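All remarks here apply to the structure that follows.
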Amino acid sequence: MRVLNRWVDAAATGLFAATLVLVNVQILCRFVLAVGVPWTEEVSRLIFIWLAYLGAAIGAREGTLIVIDTLPMLLGPRVRRVLDPFVRVLSFAIVAFLFAASIPLVRSVWPTTLATVDWISNGWAYLAFTASFGLMILYSLAPLIPGFRRPRSSEARA
Amino acid sequence: MIVAGYVGALVLLFVLAVPVAFALAGTSILVTLMERGIDFNPAFMVQKAVSGIDNFMLLSVPFFIYAGKVMNVGGITVRIYAFAKSLVGAVRGGLAQVNVIASIIFAGMTGTAVSEAAGLGTVVIKSMKEEGYDEEFAVAVVAASSTIGPIIPPSVPLVIYALMANVSVGGILIAGLIPGLLMGAALMAWIAIVAERRQLPRGAPFRLALVVASLREGFLPLLTPVILIGGILSGVFTPTEAAAIAALYATILAMVVYREVGWRELAEIMRSTAVDTGVVMLIVSMAMIYGYLVTRAGLTLAMVEGIAAISQDPIIVGLLIMGFLLIVGCFLEATAAIIILTPVLVPIMQASSLDPLHFGVIIVLIMMIGLLTPPFGMVLFVLNRISGVSLHRIVVAVAPFIIPLLAVALLLLFFPGLVTVLPRLLM
């Protein structure tokens, strides 16, 4: 699990760096080299989708997804202990539902390609969703499997 | 029945502390099941979610977040603070005024209130404590000033609002400039009154040589807002391109010029930027499913008709929305609230002749006040962690600062020209 986390983190870092470089290359080409590079915008959008969904999966792993926890905080630790498993199961069901819904969509879109790069499938955008929600499922199940351990937030932030 | 399902299920899931993104998706799934039965094709939900964030303008969000983070660890915040201190440190309550000036400058570089509070907070609170200010007062000044960050461009909430309301990103970013400066002026006036009443300390006398020296030190970071705002204003760059240039510029300053950030730290900043972006974008993409279904179900129309029955006067409708958002802001994270509520609020604004660009700035301002109010005040949490002052004491100290911020919001409502003049002149 630790190896997978490291790869996912590295991918998210790399995707951000790639987006930053790509948009700056686009500007450089337009203003300095006076060359139009039409594919940069479409490709950077695709990378951004991957960056966003992978970032969301890491956020789910680290427990940093935005939650309105006013009521559980007011009701105290006892109620939180009762609510927490319910919230986890419900979140898992929603994630699993959307994960399953994304697979046929990736398949159906896969034969079509980007307008500016005809060797990149449009399915890659939807695959980001599938990968993200698949990772979220894995992260939800990981604590239930012997040998797997959910990283503490301090470890995750380090 | 269906309309009640949309609102009721969402509120229930929020209250149960289901993550906001999953609550939106869960409600959408539940209500679609109620509407169409078990035999529906859910692929459209994924399609709406992904296409909702497939937008070049949204790329500016990670760049704005990243630039703020790099500036915080790259020694840039300290230089800006030193420059502001040399300018206004000598007046009574000078360090509090310094904080507002530094916030205004920093607002031209970072797009979120939290990064502004975290960055300046660590420097300012320590400095104010050393000079004899109350710790609570120092924290309150940082908290209140941090709300200027997302109003002056760059701004993550304004970009998100523009996407959800379908208004010009460049236009609304520029529209935030005068309101942001007004917020700074209102806070400075408020601090001046408090400083006289409480006889707050004065700093070292004003010295031009010190201003010049600190300006020389901070000159390169001070160019960032010029690049960003200048780039967007001149129409040379799109907001996303300007954000990318600012992000690259901040990296060069922190790594090459000041050498305060190494490769490892940079990689961690990029990783955490990806996570922060992902957390927000997950809500955006799930809100796209919810927004689509809510519009189809006629909930938006029902709300428009409900508000229209009360009044169609733009000022009254504006005041009603502001009051509603002040309450919502206490319970809902600011960006999440903007994402969820904007598609519902825009038709209401249009029905009562409120310009979505003008009122968008007010919405974001009100939601930024929400960052200062319990129980869900992100800025309060950040400053509690930085300063160690209890949340209760911070809340009490921050409360009076909400008055000048609300006064600015009302001023903007009554005088729309303060918001719309720049985009009209320059865009």
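By convention in this document, chain letters (A, B, ...) are assigned in the order of the sequence lines, proteins followed by strands, and residues within each chain are numbered from 1. These figures come from a predicted structure and were not determined experimentally.
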Pull out the residues in residues 90-105 of chain A that come under 4.5 Å of chain B, heavy atom to heavy atom, sorted by number. A:Leu90, A:Ser91, A:Ile94, A:Val95, A:Phe97, A:Leu98, A:Ala101, A:Ser102, A:Leu105

Grab the two heavy atoms, one from [X] and one from [Y], that are nearest each other, plus how far apart they are.
{"X": "B:Ala17", "Y": "A:Val87", "result": "O-CG1, 3.6 Å"}
{"X": "A:Ser44", "Y": "B:Phe56", "result": "OG-CE1, 3.6 Å"}
{"X": "B:Leu282", "Y": "A:Ala56", "result": "CB-CB, 3.9 Å"}

Highest number of heavy-atom pairs under 4.5 Å with chain A: which of [options]?
{"options": "B:Phe44, B:Phe22, B:Phe14", "answer": "B:Phe22"}
{"options": "B:Leu16, B:Leu13, B:Thr277", "answer": "B:Leu16"}
{"options": "B:Ala43, B:Ala247, B:Ala23", "answer": "B:Ala43"}

Would you say that A:Glu62 contacts B:Val275 through its side chain, given a criterion of any heavy-atom pair below 4.5 Å between the two side chains? yes

Passes side-chain contact (heavy atoms from CB on, under 4.5 Å), A:Phe133 versus B:Val46? Steps please. CA-CA 11 Å; A:Phe133 279 63; B:Val46 180; over 6 Å; no

With only heavy atoms counted, which part of [X] is less than 4.5 Å from chain A, the side chain, the backbone, both or neither?
{"X": "B:Val284", "value": "neither"}
{"X": "B:Ala243", "value": "neither"}
{"X": "B:Asn41", "value": "neither"}
{"X": "B:Met281", "value": "side chain"}
{"X": "B:Ile283", "value": "side chain"}
{"X": "B:Ile269", "value": "neither"}
{"X": "B:Ile245", "value": "both"}
{"X": "B:Met57", "value": "neither"}

Drop me the distance from B:Met270's CE to A:Thr19's OG1, to the nearest 0.5 angstrom. 9.5 Å

If you round to the nearest 0.5 Å, how far is CG of B:Asn55 from CZ of A:Arg45? 7.5 Å

Under 4.5 Å from any heavy atom of chain B - which part of A:Arg80: neither

Using non-hydrogen atoms and a 4.5 Å limit, figure out which bit of A:Glu42 sits close to chain B: side chain, backbone, both or neither.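 No part of it gets close to chain B.
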
Would you call the rings of A:Phe16 and B:Tyr66 parallel, tilted or perpendicular if under 30° counts as parallel and over 60° as perpendicular?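 A:Phe16 vs B:Tyr66 ring planes: tilted.
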
If you count the non-hydrogen atoms of other residues, nucleotides and ligands that lie under 6.0 Å from CZ in B:Phe40, is the total more than 12? yes

For atom CZ of B:Arg36, is the number of surrounding heavy atoms from other residues, nucleotides or ligands below 6.0 Å larger than 12? yes

Assess the residue pair B:Gln47 and A:Phe129 against the criterion (side-chain contact (heavy atoms from CB on, under 4.5 Å)); give the C-alpha distance rounded to whole Å, side-chain angles, the decisive distance to 0.1 Å, and a yes or no. CA-CA 10 Å; B:Gln47 195 270 331; A:Phe129 188 99; over 6 Å; no

Closest-packed option against chain B by number of heavy-atom pairs under 4.5 Å, given A:Ile58, A:Thr130, A:Leu20: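 Among A:Ile58, A:Thr130, A:Leu20, the one with the most close pairs to chain B is A:Leu20.
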
Max heavy-atom pairs within cutoff under 4.5 Å with chain B, candidates A:Asn24, A:Val23, A:Leu51, goes to A:Asn24

Can A:Leu65 and B:Val20 be said to form a side-chain contact (heavy atoms from CB on, under 4.5 Å), step by step? CA-CA 8 Å; A:Leu65 294 185; B:Val20 171; over 6 Å; no

For a side-chain contact (heavy atoms from CB on, under 4.5 Å) check, start with the C-alpha distance between A:Phe48 and B:Asp54, then their side-chain angles and the critical distance, and finish with the verdict. CA-CA 8 Å; A:Phe48 171 71; B:Asp54 185 9; over 6 Å; no

Output field: ring centroids B:Phe237/A:Phe31 closer than 6.0 Å: yes

